[in-house]
Amino acid sequence: MRLTVEYDGCWAVAYDRIAAFWQQQPDVTMDGTAYRYGGCRIEVTRLPDRSLGRWSMPQTQVRFTGDDRDTAAIYRRFFLAFLSAGG
C-alpha cells in the first residue's frame, strides 16, 4: 500500500528560478498550473517579497503532494538543488 505524503515550505528563492528548475527536469511535466512527477503533484506559488530593513528577499511556496515514493524522490532532488539557497 502506498501512502499520500505532503511537503510544504516557503523558500527564499525567486519563483522564476524554481519554475526554470522544474522546466529543465526531463521527467517532470506540466499539470495545469502545477508540475507532475509520477504520482506527485508539485504546486509553486509566488509570494510577496520579505523585507528585512533595507533588504528584500524573494519568497516562493512549494508544495509536494502524492505517492510516498515519488514525492520523497522528487522532494529530495529539489531540496538538494536549492539547499544552499535557503528554505
Side-chain angles (χ1 to χ4, degrees):
M1 177 176 131
R2 295 237 172 137
L3 303 174
T4 298
V5 296
E6 180 176 312
Y7 299 102
D8 188 358
C10 182
W11 289 74
V13 178
Y15 173 90
D16 294 338
R17 186 170 166 207
I18 291 175
F21 170 79
W22 292 123
Q23 292 164 7
Q24 293 169 359
Q25 303 305 303
D27 50 357
V28 173
T29 59
M30 285 299 296
D31 180 19
T33 60
Y35 299 93
R36 177 151 309 271
Y37 171 80
C40 177
R41 180 176 166 86
I42 305 155
E43 299 172 62
V44 181
T45 306
R46 184 187 317 253
L47 300 174
D49 287 355
R50 181 174 179 201
S51 296
L52 296 170
R54 53 200 298 202
W55 292 284
S56 177
M57 291 188 305
Q59 299 288 295
T60 305
Q61 180 182 15
V62 184
R63 177 179 290 143
F64 301 77
T65 308
D67 170 89
D68 58 346
R69 290 183 195 159
D70 290 342
T71 302
I74 198 64
Y75 176 77
R76 178 175 167 75
R77 185 187 311 174
F78 173 80
F79 182 82
L80 291 175
F82 291 97
L83 179 63
S84 65

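Owing to the predicted nature of the structure, the values given are computational and were not obtained by experimental measurement.
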Taking all non-hydrogen atoms of both residues into account, name the closest pair between [X] and [Y] and its distance.
X: Arg69; Y: Asp67; value: N-OD2, 3.0 Å
X: Thr60; Y: Tyr15; value: OG1-N, 3.1 Å
X: Asp49; Y: Ser56; value: CB-OG, 3.2 Å
X: Ile18; Y: Val62; value: CD1-CG2, 4.0 Å
X: Thr65; Y: Thr71; value: C-OG1, 3.9 Å

Which value, rounded to the nearest 0.5 Å, describes the distance between [X] atom [atom1] and [Y] atom [atom2]?
X: Phe64; Y: Arg41; atom1: CZ; atom2: CZ; answer: 13.0 Å
X: Tyr37; Y: Asp70; atom1: OH; atom2: CG; answer: 5.5 Å
X: Met30; Y: Ile42; atom1: CE; atom2: CD1; answer: 10.5 Å
X: Ile74; Y: Arg36; atom1: CD1; atom2: CZ; answer: 12.0 Å

Problem set entry | Sub-4.5 Å side-chain heavy-atom contact between Gln59 and Gln61 |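 They are not in side-chain contact.
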Exercise. Got a sec, which hydrophobics cluster with Leu47, joining ILVMFWY side chains under 4.5 Å apart, including via others?
Worked result: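 Direct or chained contacts put Leu47 with none.
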Exercise. Is Trp55 isolated, or which residues cluster with it under the ILVMFWY side-chain rule of less than 4.5 Å, directly or via members?
Worked result: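 So far as hydrophobic clustering goes, Trp55 is joined with none.
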For this session: Evaluate the ring planes of Phe78 and Trp22, with Trp represented by its six-membered ring, and classify them as parallel (under 30°), tilted (30 to 60°) or perpendicular (over 60°).
Result: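 Phe78 vs Trp22 ring planes: parallel.
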For this session: Can you run down the salt bridge (Lys or Arg N to Asp or Glu O under 4.0 Å) pairs that involve residues 74-83, sequence neighbours left out, and say none if there aren't any?
Result: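 Sorted result for residues 74-83: Asp27-Arg77.
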For this session: Taking side chain to side chain donor-acceptor pair (under 3.5 Å) as the test, write out the residues that go with Arg63, two or more places apart.
Result: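 So Arg63 forms a side chain to side chain donor-acceptor pair (under 3.5 Å) with Asp8.
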For this session: Return the set of residues passing ring-ring contact (aromatic ring centres under 6.0 Å, His included) with Tyr7 (not counting sequence neighbours), or none when no residue passes.
Result: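 Tyr7 satisfies ring-ring contact (aromatic ring centres under 6.0 Å, His included) with Tyr75 only.
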Exercise. Got a sec, which residues hit salt bridge (charged side-chain N to carboxylate O under 4.0 Å, His left out) with Arg46, two or more places apart in sequence or on another chain?
Worked result: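 Result, salt bridge (charged side-chain N to carboxylate O under 4.0 Å, His left out) vs Arg46: Asp16.
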